[in-house]
Amino acid sequence: MGVINIVNVVITLTTTLLLVIALVEGKIPGNYQGGSWETAHATFYGGSDASGTMDDPRWCHPGSPSIFITATNFCPPNFAQASDNGGWCNPPRPHFDLAMPMFLKIAEYRAGIVPVAFRRVPCRKQGGIRFTINGFRYFNLVLISNVAGAGDIVKVWVKGTKTDWMPMSRNWGQNWQSNSVLIGQSLSFRVTASDRRTSTSWNAVPANWQFGQTFSGKNFRV
């Protein structure tokens with residue numbers, strides 16, 4: 001399975017000029033500032049139960065309304081169809097497959113697929129970065145979630161009370177693995193996000209941890 005990156009984005013319709021582009025916030029040192037505006041298209045799942053999709057372009061709501069979503073890059077391609085006629089997620093075409101309630105905020109139900117503009121924005125999370133530890137004695141699989149700022153992690157290190165800092169390898173998505181024996185040690189984690197900022201969670205996991213438990217560490221500033 002490919003890498004799944006989770007980020008926050010703002011999507012707005014491109015039916016009118018995007019005057020909001022001029023309202024750029026000043027950069028604050030130490031905080032993720034988001035990305036620039038880009039163009040894409042968006043469709044929706046056919047119902048609130050996410051069954052089926054529509055591909056017939058129709059109407060957009062006036063006034064270029066915006067929505068705020070958490071997105072992944074796990075929109076599956078369909079190479080049996082052209083990228084402008086059913087294969088909406090075929091690379092390199094940027095595309096959003098939205099839940100119907102969110103799609104209805106920017107377009108009518110019958111629209112099916114609409115042109116949009118989007119940009120990455122800082123992820124605002126409650127609490128710290130979460131580390132969920134799964135696996136067994138010689139295999140530690142750590143799911144990292146609730147990441148603020150850029151939202152996606154590109155490098156991870158772990159340190160036990162009896163070890164130095166050791167790099168972890170990506171297993172899939174935001175699951176990172178280590179084949180070291182770490183049972184019985186207090187654990188610290190160091191993570192680097194896609195904007196190259198690093199957060200270190202010292203002794204986030206107590207020595208009596210068990211597989212299946214989740215612990216909270218230091219999050220990125222927003």
Side-chain angles (χ1 to χ4, degrees), residues 1-21 23-25 32-126 130 143-154 172-175 193-195 222:
M1 181 179 294
V3 174
I4 302 176
N5 292 323
I6 303 176
V7 297
N8 278 4
V9 296
V10 167
I11 298 177
T12 186
L13 289 171
T14 56
T15 52
T16 62
L17 292 177
L18 293 173
L19 300 181
V20 289
I21 296 178
L23 303 178
V24 179
E25 296 181 357
Y32 176 67
Q33 297 298 307
S36 58
W37 286 99
E38 302 178 53
T39 58
H41 284 80
T43 55
F44 71 101
Y45 288 101
S48 57
D49 62 348
S51 59
T53 58
M54 296 175 61
D55 298 328
D56 184 19
R58 292 282 179 168
W59 300 311
C60 303
H61 292 325
S64 293
S66 297
I67 58 175
F68 179 83
I69 64 169
T70 298
T72 76
N73 63 345
F74 198 55
C75 183
N78 180 5
F79 297 112
Q81 294 181 305
S83 60
D84 61 350
N85 185 25
W88 310 120
C89 297
N90 293 349
R93 178 189 179 100
H95 182 80
F96 293 91
D97 217 355
L98 300 174
M100 187 182 70
M102 296 305 292
F103 183 88
L104 293 180
K105 293 179 181 294
I106 62 174
E108 303 233 357
Y109 178 89
R110 51 185 148 178
I113 179 170
V114 293
V116 298
F118 72 96
R119 68 181 293 258
R120 285 183 61 172
V121 295
C123 296
R124 301 182 183 276
K125 301 295 184 180
Q126 297 292 325
R130 296 181 190 135
L143 170 63
I144 301 176
S145 59
N146 202 52
V147 181
D152 54 337
I153 299 300
V154 297
W172 66 275
Q174 289 302 336
N175 286 276
S194 60
D195 63 349
V222 176

Checklist outcome for this item: Heavy-atom nearest pair, Q126 first then R130, reads O-NH2, 4.1 Å
Checklist outcome for this item: Sequence neighbours excluded, the answer for side chain to side chain donor-acceptor pair (under 3.5 Å) partners of N175 is none
Checklist entry - Under 3.5 Å, side chain of R119 to main-chain N/O of S36, donor-acceptor pair present? => result no
Checklist outcome for this item: Taking every heavy atom of V222 against every heavy atom of C123, the minimum-distance pair comes out as CG2-O, 3.3 Å
Checklist outcome for this item: Between P94 and A40 the two heavy atoms that sit nearest each other are O-CB, 3.4 Å
Checklist entry - Under a 4.5 Å cut-off applied to non-hydrogen side-chain atoms, are D152 and Q174 in contact? => result yes
Item to check | CZ-CZ distance between R124 and F68, expressed to the nearest 0.5 angstrom | outcome: 7.5 Å
Checklist entry - Should the pair W88 and H95 be assigned to parallel (<30°), tilted (30 to 60°) or perpendicular (>60°) ring geometry? => result parallel
Next on the checklist: Using a 3.5 Å distance criterion without hydrogens, assess whether the side chain of N90 forms a donor-acceptor pair with backbone atoms of Q81.
Outcome noted: yes
Checklist outcome for this item: Smallest heavy-atom separation, A42 atom then L98 atom, equals CB-CD1, 4.0 Å
Item to check | Rounded distance (nearest 0.5 Å) linking atom NZ of K125 with atom CG of N146 | outcome: 6.0 Å
Item to check | 4.5 Å side-chain heavy-atom contact, F118 and S66 | outcome: no
Checklist entry - Any Lys/Arg nitrogen of R120 or D195 sitting under 4.0 Å from an Asp/Glu carboxylate oxygen of the other? => result no
Next on the checklist: For a quick test of reading the model, state the closest non-hydrogen atom pair linking A193 to V154 and the distance between them.
Outcome noted: O-CG2, 3.5 Å
Item to check | Which atom of S194 lies closest to which atom of A150, heavy atoms considered | outcome: OG-CB, 3.7 Å
Next on the checklist: Testing V114, D97, I113, I67 one by one against F103 for a side-chain contact (heavy atoms from CB on, under 4.5 Å), which residue passes?
Outcome noted: V114
